[in-house]
Amino acid sequence: MSKRYKVIIIILAIYLVVFFLIYGLSNIKDGTRTLTILVGDNTVWEYSDKSWLNITRESTIDSLSWQEYKVFLDNKYFGEYSMWYSDNKWYAFNSDKSAVKMEGELIAYRSNHDLKIKEFETKENSNYTYVHQVLKQNKLPTSSQMTVNNVVNFDIDNDGIEEQFYTISNAFASDFYPTTIFSIVFMVKDEKVYSMYTNIQEANYGNGCKPYIRSFLDINDDDKHEVILTCAKYSVQEPEDMLFQLNKEKFDLLISNQ
């Protein structure tokens, strides 16, 4: 074999090794990644073989009981407990099988890898620049009264700069009567608006929902966080839980409980 062909073969071999290290290991890791996540009492999601599944069958949910979960309350780590599901509610038990009182919004998971879940603060919004811009884009009056007008500052892409997440809605008004109900969630990064969730409909008794950011969590060890958004509905209706992922210029909905 000539020296020229040997050089070509060596270059090709190096290329294949580098390609595998960059892409192959990542794909193998994602393919073997498994996750079961509990969002409050109404939502169970599973991730396996690069696919998400919304678990609703009661027998399947029952089979997830008495397994160890890492439990977070209001996005603060609470501990590892056995979780038991009964009467549409999750209960936590310690290693002695004694019940543990849980206060706060529940996020719990069991997985073959660790999830990064971070705390954050939701504040009432006082800067209407982007809110008015988004209202105009959706052909809604900037004078709209709202029942939700909040902002969360969080560095979702781990670049050292916090993005702003706005949640606005006029659902469930008690002292004004809108003809159109809206619930909108968007992010602002580098003065650019990224839409996450938009629900606009004609007003009808009790329709619409109040959105809020429930959790930021890194589900795939890429140092970028996904978002769990919850939209609370009227009365006894189950809230809508949604998992979003920022994909360059837009948010992708990975899974919903509805």
Side-chain angles (χ1 to χ4, degrees), residues 37-45 52 54-56 61 71-76 78 83 85 87-91 102-109 117-126 131 134-135 138 140 144-154 156 164-187 194-217 225-245 251-258:
I37 184 167
L38 317 178
V39 184
D41 293 318
N42 301 297
T43 299
V44 180
W45 292 326
W52 285 96
N54 183 42
I55 305 298
T56 58
I61 296 175
V71 178
F72 292 74
L73 298 176
D74 294 332
N75 296 297
K76 297 178 183 178
F78 186 63
M83 301 296 291
Y85 190 74
D87 295 328
N88 300 316
K89 186 174 178 63
W90 286 102
Y91 298 89
M102 295 190 296
E103 294 182 348
E105 293 211 318
L106 171 69
I107 298 286
Y109 77 90
I117 299 177
K118 292 187 177 180
E119 296 179 54
F120 60 92
E121 184 179 1
T122 301
K123 298 180 180 180
E124 186 175 352
N125 176 46
S126 59
V131 170
V134 169
L135 288 173
N138 287 280
L140 296 166
S144 296
Q145 293 178 275
M146 289 178 278
T147 55
V148 176
N149 182 20
N150 294 324
V151 62
V152 172
N153 296 315
F154 188 84
I156 191 173
Q164 292 75 49
F165 293 82
Y166 292 85
T167 54
I168 59 175
S169 177
N170 65 348
F172 315 148
S174 59
D175 54 356
F176 61 94
Y177 305 95
T179 57
T180 301
I181 301 295
F182 64 83
S183 296
I184 301 172
V185 182
F186 61 95
M187 181 190 77
Y194 296 74
S195 176
M196 182 187 299
Y197 176 82
T198 301
N199 186 336
I200 301 173
Q201 52 189 286
E202 183 179 346
N204 194 359
Y205 182 76
N207 67 331
C209 62
K210 286 185 176 182
Y212 64 96
I213 303 292
R214 190 179 195 118
S215 186
F216 291 98
L217 65 171
H225 284 72
E226 285 69 42
V227 186
I228 296 180
L229 175 69
T230 294
C231 219
K233 297 189 176 182
Y234 185 73
S235 188
V236 296
Q237 299 179 72
E238 289 187 359
E240 184 175 7
D241 295 319
M242 297 159 279
L243 179 64
F244 288 93
Q245 183 179 63
F251 280 96
D252 292 332
L253 176 63
L254 299 180
I255 192 169
S256 169
N257 68 341
Q258 296 179 15

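Treat the numbers as computed from the prediction; the structure is a model and nothing was measured. Numbering starts at 1 and runs along the sequence shown.
Looking at heavy atoms from C-beta onward, M187 lies in side-chain contact with F251 at the 4.5 angstrom threshold. Contact check for N138 versus I200: side-chain heavy atoms found under the 4.5 Å cut-off. In this structure, Y85 and Y91 have side chains that are not in contact, with every pair of non-hydrogen atoms separated by 4.5 Å or more. With a 4.5 Å cut-off on side-chain heavy atoms, W90 and L38 count as touching. Within the 4.5 Å cutoff, the side chain of I37 has no heavy atoms near those of the V44 side chain. Two residues are said to be in side-chain contact when any heavy atoms from C-beta on lie closer than 4.5 Å; T56 and N257 fail this criterion. Under the 4.5 Å side-chain criterion, counting only non-hydrogen atoms from C-beta, F182 is not in contact with Q201. Within the 4.5 Å cutoff, side-chain heavy atoms of N125 are placed close to those of V131.
Of all the heavy atoms in T147 and A173, the pair that sits closest is CG2-CA, 3.8 Å. Contact between S256 and N54 at its shortest, heavy atoms only, is O-CG, 3.6 Å. For P211 against V185, the heavy-atom pair with the smallest separation is CB-CG2, 3.7 Å. Shortest non-hydrogen contact noted between I181 and P178 is CD1-CG, 3.7 Å.
Side-chain atoms of S144 and N170 form no donor-acceptor pair, as typed in the model, at a separation below 3.5 Å. Checked by atom type, the side-chain pair Q145/Y177 shows no donor-acceptor distance below 3.5 Å. Side-chain contact, N150 with E124: no donor N or O sits under 3.5 Å from an acceptor N or O. For D41 and N88, the side-chain atoms include no donor-acceptor pair closer than 3.5 Å.
For the pair N207 (side chain) and A203 (backbone), a donor-acceptor distance under 3.5 Å is absent. Panel note: side chain Q258, backbone P239; a donor-acceptor pair is recorded below 3.5 Å. Side chain of T167 to backbone of V151: no donor-acceptor contact under 3.5 angstrom is found. The backbone N or O of N199 sits nowhere less than 3.5 Å from a side-chain atom of S183 that would complete a donor-acceptor pair. Distance alone, capped at 3.5 Å, places no donor-acceptor pair between the N149 side chain and the M146 backbone.
Between F165 and the options I156, N153, T122, a side chain to side chain contact (heavy atoms under 4.5 Å, CB included) holds for only I156.
Taking the six-membered ring wherever Trp is involved, the centroid distance between the rings of F216 and F120 falls below 6.0 Å.
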Under 3.5 Å, side-chain donor or acceptor atoms of residues 225-232 against the rest of the protein: list the pairs with distances, not counting sequence neighbours.
residue, atom, partner, partner atom, Å
E226, OE1, I219, N, 3.0
E226, OE2, Q245, NE2, 3.2
T230, OG1, R214, NH1, 3.2
T230, OG1, D241, OD1, 2.7

message = side chain to side chain contact (heavy atoms under 4.5 Å, CB included), that's the test. Do M83 and M102 meet it? Break it down for me.
response = CA-CA 11 Å; M83 301 296 291; M102 295 190 296; 4.0 Å; yes
ask   = Passes side chain to side chain contact (heavy atoms under 4.5 Å, CB included), E105 versus L73? Steps please.
value = CA-CA 5 Å; E105 293 211 318; L73 298 176; over 6 Å; no
request  = Output, in order, the C-alpha distance, side-chain angles, deciding distance and verdict of side chain to side chain contact (heavy atoms under 4.5 Å, CB included) for C209 and Y197.
outcome  = CA-CA 12 Å; C209 62; Y197 176 82; 3.7 Å; yes
Test side chain to side chain contact (heavy atoms under 4.5 Å, CB included) applied to L253 and L243, step by step = CA-CA 6 Å; L253 176 63; L243 179 64; 5.7 Å; no
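For Q237, the side-chain contact (heavy atoms from CB on, under 4.5 Å) test picks out K233, Y234, with sequence neighbours left out.
Separating the CH2 atom in W52 from the CD1 atom in I255 is a distance of 6.5 Å, to the nearest 0.5 Å. Considering CZ of F72 and NZ of K118, their distance stands at 12.5 Å, rounded to 0.5 Å.
Ring geometry, F186 versus Y166: the interplanar angle falls under 30°, so the pair is classed parallel (tilted spans 30 to 60°).
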